[in-house]
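Please read the structure below before turning to the comments.
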Amino acid sequence: MPPQNSAHGPPFRVAMAGVVGRLIRCWCRRAVGGSLKVPALQLHVSKTAMGASQKDFENAMNQVKLLKEDPGNEVKLKLYALYKQATEGPCNTPKPGVFDLINKAKWEAWNALGSLPKETARQNYVDLVSGLSSSSDSSSQGKPEAERKQAGYETVVMTSEEGITKIMLNRPAKKNALTEQMYQEIILALEAASKDDSAITVLTGNGDYYSSGNDLTNFTNIPPEGVEAKAKNSAILLRNFVGSFIDFPKPLVAVVNGPAVGISVTVLGLFDLVYATDRATFHTPFSHLGQTPEGCSSYTFPKIMGPAKAAEMLIFGKKLTAGEACAQGLVTEVFPDSSFQKEVWTRLKAYSKLPQNAMRISKQIIRSQEKEKLHAINAKESSILQERWLSSECMNAIMNFFSQKAKL
Ligand SMILES: CCCCC/C=C/C(=O)SCCNC(=O)CCNC(=O)[C@H](O)C(C)(C)COP(=O)(O)OP(=O)(O)OC[C@H]1O[C@@H](n2cnc3c(N)ncnc32)[C@H](O)[C@@H]1OP(=O)(O)O
């Protein structure tokens, strides 16, 4: 009998037969459908391709997702071919049938690269994306500087003013649930903020929520390779996302403008300050979702609030008020909702005038004491979740959300 967490085992088949069978069939149609997908969406990274150019390659894959204009099928085919060559080497699959037009075109583009070395393909991919990105950026260069809004993001708004870079989650209609694109954009925004001339970086939400955590539709976009590949790619994304908070070199502040759920709560343990409105709540319903803690919370929460209080949140899904979260040390300070924005920004503007280098170095001294440990914990949590996402407990919980719009 296959193991419990096998995507092909009985729990999965039971789930398939459930009330959301229609939904699943729709996922499957999307997964094998005829559209030509840009490879970046697959986030399928070769483990052997390590080093600096691998990082460039990953960044280029992220950039492809952010292109404002569709580059056209010819370029997409080229990207596809270079991606396959860079990750798998020369074309190694049989030629698709004559009527399978899209897969045939993709196969021909890949096959045309012959024995091009993986490293060269990776470099060509990076160069091609870089050309596409700069031509797509040039259309926004004429914008008035007063706007100070940084181009290239669709799901977050990034602004810099008075020494503070603000990254605002911007899907208020969906309670700022984090889509895969959003994770990528936050990674890129943090990378940009780490290099800009601001003293402080702020993460906040637009609308009544800070964030409702992982967008559960992320689990519905199953690639042709199947659910195991999906879980693997999601674990890579999670690890990169949390890693960019661990490595962030400047003071990082969460301005928690409303309720926070899931991963938007757990990563708070990696911030330097957490300011919350008294309307905010903090909820990590992992067990309800058949999931386990991430964002290094399995380490930071017990350290911050003690093991018993951490267990209440992370194992039993207890939702905390802002006052409780402050009493337990997860939140730095709580402000009345009516004066929240004014008070917080006045405070942050004053802090942003402190000597930047001193703040940066102080942060790095504090973080350096446990950076390696945090990375190891992040890797472990991500790999455990990769297994959890394939469990019947997790699949059933997600299906419940979509079939009944179940509220946790
Ligand atoms: C790849 C890395 C993975 C990292 C692992 C991360 C794990 C987590 O973050 S676990 C936590 C996941 N989050 C949730 O389980 C929350 C689910 N959402 C809810 O329970 C509720 O939506 C709510 C309590 C957040 C808000 O309830 P309510 O005020 O009643 O508002 P609605 O439910 O009507 O929401 C409006 C709209 O937004 C959609 N939505 C909200 N949150 C999510 C979400 N997390 N994922 C997907 N969609 C979400 C909701 O479905 C509504 O959509 P429409 O019906 O289309 O208007």
Side-chain angles (χ1 to χ4, degrees), residues 20 23 27 41-45 62 65 155 169-187 205-223 227 229-245 256-270 279-298 301 313-315 317-320 378-391 393-408:
V20 287
L23 181 62
W27 300 347
L41 301 180
Q42 299 171 8
L43 261 182
H44 203 86
V45 180
N62 293 338
K65 283 195 77 174
T155 61
L169 311 175
N170 194 28
R171 294 182 74 224
K174 299 285 182 186
K175 311 291 183 193
N176 297 323
L178 299 166
T179 58
E180 287 175 355
Q181 179 180 2
M182 220 154 161
Y183 287 110
Q184 305 283 13
E185 291 192 3
I186 294 167
I187 294 171
N206 185 14
D208 62 340
Y209 258 68
Y210 175 65
S211 169
S212 62
N214 189 42
D215 189 309
L216 298 173
T217 63
N218 289 341
F219 294 112
T220 65
N221 186 15
I222 309 295
V227 283
K230 177 77 198 177
K232 186 175 169 206
N233 293 342
S234 300
I236 293 170
L237 178 60
L238 172 63
R239 191 170 163 181
N240 290 340
F241 177 74
V242 175
S244 56
F245 286 89
V256 185
N257 56 298
V261 187
I263 191 165
S264 73
V265 177
T266 56
V267 290
L268 291 177
L270 299 170
R279 227 174 28 78
T281 52
F282 299 83
H283 192 196
T284 49
F286 297 127
S287 299
H288 299 70
L289 291 166
Q291 296 185 37
T292 46
E294 21 62 357
C296 294
S297 59
S298 62
F301 278 28
M313 283 193 83
L314 297 176
I315 303 178
K318 183 180 179 194
K319 189 196 284 188
L320 301 190
N378 180 27
K380 187 173 168 193
E381 289 176 346
S382 302
S383 114
I384 290 172
L385 263 175
Q386 181 177 336
E387 291 297 314
R388 279 277 92 210
W389 287 325
L390 299 172
S391 72
E393 287 179 345
C394 179
M395 288 185 181
N396 288 337
I398 290 163
M399 288 174 198
N400 274 341
F401 178 79
F402 288 110
S403 61
Q404 304 157 14
K405 286 279 180 183
K407 305 295 182 283
L408 295 158

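Note that these values count all heavy atoms, side chains included, but never hydrogens, waters or copies made by symmetry. Start at 1 and go down the list; that is how both ligands and their atoms are numbered.
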Would you mind checking if [Y] and [X] are paired as a salt bridge, meaning a charged N to carboxylate O distance below 4.0 Å?
X: K380; Y: E294; answer: no
X: R239; Y: E381; answer: no
X: D208; Y: R279; answer: no

Yes or no: does P259 have any heavy atom under 4.0 Å from an atom of ligand 1?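 P259: no contact with ligand 1 (<4.0 Å).
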- Task: Would you mind running through ligand 1 and noting each atom that sits below 4.0 Å from a heavy atom of K175?
- Result: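 Counting atoms of ligand 1 from 1, those under 4.0 Å from K175 are 29 (O), 31 (O), 35 (O), 36 (C), 41 (C).
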If I apply the N/O under 3.5 Å rule, does [X] come out as touching ligand 1?
X: Q291; value: no
X: S212; value: yes
X: L238; value: no

Which part of [X] is near ligand 1, with near meaning a heavy atom under 4.0 Å away: side chain, backbone, both or neither?
X: L289; result: side chain
X: F402; result: neither
X: S264; result: neither
X: E294; result: side chain

- For atom 17 (C) of ligand 1, which of F241, Y209, F401, F286 has the closest heavy atom?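 Shortest heavy-atom distance from atom 17 (C) of ligand 1: F401.
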Trace of the side chain to side chain contact (heavy atoms under 4.5 Å, CB included) decision for C296 with V242: CA-CA 8 Å; C296 294; V242 175; 4.1 Å; yes
With a 3.5 Å cut-off and no angle check, do the side chains of N396 and N400 form a donor-acceptor pair?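 Absent: no donor and acceptor within the cut-off.
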Do Q184 and E180 meet the criterion of a side-chain donor-acceptor pair at a distance under 3.5 Å?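 Not at all, the side chains of Q184 and E180 share no donor-acceptor pair under 3.5 Å.
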Practice prompt. Indicate the atoms forming the closest heavy-atom contact of N257 with Y209, along with that distance.
Written response: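 Distance-wise, the nearest heavy atoms are ND2-O, 3.1 Å.
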